[in-house]
Amino acid sequence: MPTPQVPSSRGFYQALLFLALTIPAHIHALPASPRSTNQVNDESSGGTLRGSLSLQGQIPNEVDSANSAVVSPYDMAPGQDADASLGIPFTWENTDEPQPIRGSYGATDPGPQTYAYSKLNPDIVAPPISDKGSVDNPKWPMELSHNRILPDGAGWARQENTDVLPLASEMAGVDMRLAPGAYRELHWHSASEWAYVLNGSVRVQAFNENGQAFVDDVQTGDVWFFPPGVPHSLQALDQGCEFLLVFDQGDFDDSGTGMISEMFLRTPKEVLSKNFNAPLSDFDDLPTDELYIFNGTPAPKLSAQNTTGPGGVVQGNQSYTYHLSKQSAYEVPGGNIKIIDPLNFPLASMFSAALVTIEPGAMRELHWHSTSDEWGFFIAGEGRVTAYEPPSTGGTFDFQAGDVSYVPAMFSHYIENTGTEDIVFLEVLKAPEFTDISVGQWLKLTPEQIVKDTLHLPQSLLDGLSPNKQYIVQGDKNLTALAGGSGTA
Ligand SMILES: *[C@@H]1O[C@H](CO)[C@@H](O)[C@H](O)[C@H]1NC(C)=O
Ligand SMILES: *[C@@H]1O[C@H](CO)[C@@H](O)[C@H](O)[C@H]1NC(C)=O
Ligand SMILES: *[C@@H]1O[C@H](CO)[C@@H](O)[C@H](O)[C@H]1NC(C)=O
Ligand SMILES: *[C@@H]1O[C@H](CO)[C@@H](O)[C@H](O)[C@H]1NC(C)=O
């Protein structure tokens, strides 16, 4: 039986490659020169734009059975033919032409379709039959965000906000890359900014209302936070960096921030001269457009930029950075978890996050968040999530590394690792403390009689529950074998 080995990102490249190959074909299929839509008959092309009125309605014996949809033979992935009521995960990574079939449900798809999409989304194409109704789309692959690429190899930035993911009304995300020595220019904005370093290292610099300056270096796995209005800049160190920014406004637009270059451009030079007590000629070399992301002089040692203002130093509970990479993880069977919220990073007053590692087969346990929506990002691995939307709607969605997920408060959900590598997942809440309602803990701490009368569960199941939150539960790596399913050709 085939074993999935291909890293999840390859599917995206295949999808993009497919688009790259097909789009020019469509363009070539267009007429060489524009034609008037009023033109009914173009003799030079030898065809007609519109058919005759006589094609309406009943035309006896017109169906050509030779054109009937026949899809055969087709592959069923291991587990795809298992009893649909089990809803087990399966992969189409090694299936050439995936079909929307689960057990005895569904039927073949004669087309049109793009198999690269199906392969990334088996639970959307052939959903578990426990799904019902229509849950608003909770998934956005960052790679599908229109990218803003900057000159001279300085970097790029792309974003997820309500323009592309309308469900994500409370938080938005930006994925940014800075080349070695490149800056995200000095800027400020009305949203709070919480950030996680995905790769590399970066110097973080800020200044606040109390005349305090701040500078610190952070690396992969570290976090920073800027309150609204606090001006800051970022400069990539060494090999450059990529980081994720999370904002507490769903419609945040990173091209809408206040930038020092624009601020100077929008201020009369006479005023600049007066404000800074300097001759007009000092402003001759100002940038003529916003900089946003641009190359700079490599950053010196941190101590060389450590400035102490009249307000003293920013430290302790006022610090803008948190070295989460140095926090040891809380290990549980099936994975581990690091929590960062105002209890350990007080300045980030309304940002609570968990960095969760889930081993293959294991699962972030069934839970919901009672205090906030959850903005999530898949840093590595692949898995699936079912969002149950009260009262009676549920949908299952597949996620890969680089995808944003968004689950509103009160929606129960889980994250099941359906791949062959660890999932590393960031869940971010707009809340003063990281909390969840664990369904296992809820059942254990509810009087047994109530649970049994309601769900008809056996005593053995209740005995096996823990009174503690599990965060992650272990599971069989191969549920296909468990379900007795197999692949057929
Ligand atoms: C899981 O088990 C099924 C049935 O025994 C087998 O066909 C399949 O190859 C297994 N998958 C993996 C990933 O080991
Ligand atoms: C950063 O990205 C590079 C290039 O993909 C990779 O080789 C390296 O392992 C990454 N570093 C971390 C800490 O993930
Ligand atoms: C920055 O300056 C402050 C105040 O003088 C000092 O406590 C801190 O150690 C300095 N940090 C570095 C990296 O030099
Ligand atoms: C820092 O914040 C924590 C949590 O809010 C608080 O318990 C602690 O007393 C604060 N420490 C200082 C030095 O202010």
Side-chain angles (χ1 to χ4, degrees), residues 142 145 147-160 172-189 191-208 212-227 230-247 252 254-255 257-261 290-307 313-315 318-327 338 340 345 347-348 351 353 355 377 379-380 402 424 426 428:
M142 270 292 186
S145 289
N147 211 350
R148 185 171 173 189
I149 54 174
L150 283 302
D152 307 317
W156 49 256
R158 52 196 179 190
Q159 64 188 9
E160 165 282 315
V174 170
D175 179 14
M176 189 176 289
R177 166 82 165 140
L178 302 180
Y183 289 101
R184 166 66 170 98
E185 94 164 270
L186 288 160
H187 71 289
W188 72 99
H189 36 72
S192 293
E193 168 181 326
W194 189 96
Y196 178 86
V197 183
L198 291 168
N199 193 293
S201 53
V202 55
R203 178 153 305 166
V204 173
Q205 176 277 327
F207 166 79
N208 68 23
Q212 295 174 305
F214 178 83
V215 62
D216 192 23
D217 290 346
V218 293
Q219 63 181 28
T220 308
D222 288 341
V223 166
W224 72 72
F225 175 81
F226 296 119
V230 165
H232 53 279
S233 72
L234 305 160
Q235 184 177 23
L237 305 169
D238 307 326
Q239 301 304 307
C241 60
E242 182 177 350
F243 47 81
L244 199 62
L245 306 173
V246 189
F247 297 92
F252 181 85
D254 200 50
S255 65
T257 67
M259 280 168 287
I260 199 160
S261 57
E290 69 174 49
L291 296 170
Y292 186 54
I293 291 173
F294 64 104
N295 288 322
T297 316
K301 280 194 314 202
L302 182 60
S303 55
Q305 292 191 331
N306 195 13
T307 311
V313 291
V314 175
Q315 60 187 7
Q318 295 308 305
S319 181
Y320 294 110
T321 55
Y322 183 90
H323 295 263
L324 184 65
S325 65
K326 296 187 170 62
Q327 175 176 319
K338 286 183 183 185
I340 174 172
F345 187 28
L347 188 73
F351 276 87
L355 182 68
F377 188 78
I379 297 171
V424 181
L426 188 65
V428 182

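None of these values were measured; they are calculated from a predicted model.
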Can you find a heavy atom in the side chain of [X] that is under 4.5 Å from one in the side chain of [Y]?
X	Y	answer
Gln212	Phe207	no
His189	Met259	no
Leu198	Asp175	yes
Ser255	Arg148	yes
Val230	Trp188	no
Asp217	Val202	no
Phe225	Ile340	no

Any sub-3.5 Å donor-acceptor pair from [X]'s side-chain atoms to [Y]'s backbone N or O?
X	Y	result
Arg203	Pro300	yes
Gln235	Thr297	yes
Asp222	Leu324	yes
Thr220	Gly200	yes

(request) State yes or no: are the ring centers of Tyr320 and His232 separated by less than 6.0 Å? (result)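 No - the distance between ring centres of Tyr320 and His232 does not fall below the 6.0 Å cut-off.
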(request) Output all residues satisfying side-chain contact (heavy atoms from CB on, under 4.5 Å) with Ala182, sequence neighbours left out; order by chain, then residue number. (result)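 Only Ala154, Leu178, Ala179, Asn295 meet the side-chain contact (heavy atoms from CB on, under 4.5 Å) criterion with Ala182.
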(message) Holding to side-chain contact (heavy atoms from CB on, under 4.5 Å), I want the full list of residues that pass it with Asp216, two or more places apart in sequence or in another chain.
(response)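 With sequence neighbours excluded, Asp216 shows a side-chain contact (heavy atoms from CB on, under 4.5 Å) to Phe214, Val218, Leu302, Thr321, His323, given in chain and number order.
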(message) Tell me whether the NZ or CZ atom of Arg184 lies within the 45° cone about the ring axis of Tyr292 and under 6.0 Å from its centre.
(response)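 Judged by the rule (NZ or CZ under 6.0 Å from the ring centre, within 45° of its axis), Arg184 is not positioned above Tyr292.
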(message) If the condition is ring pair (Phe, Tyr, Trp, His ring centres under 6.0 Å), which residues does Phe243 pass it with, not counting sequence neighbours?
(response)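 If we apply the ring pair (Phe, Tyr, Trp, His ring centres under 6.0 Å) test to Phe243, skipping adjacent residues, the hits are Trp224.
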(request) Looking only at non-hydrogen atoms, find the nearest pair between Ala195 and Leu245 and report the distance. (result)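 Residues Ala195 and Leu245, closest heavy atoms: CB-CD2, 3.5 Å.
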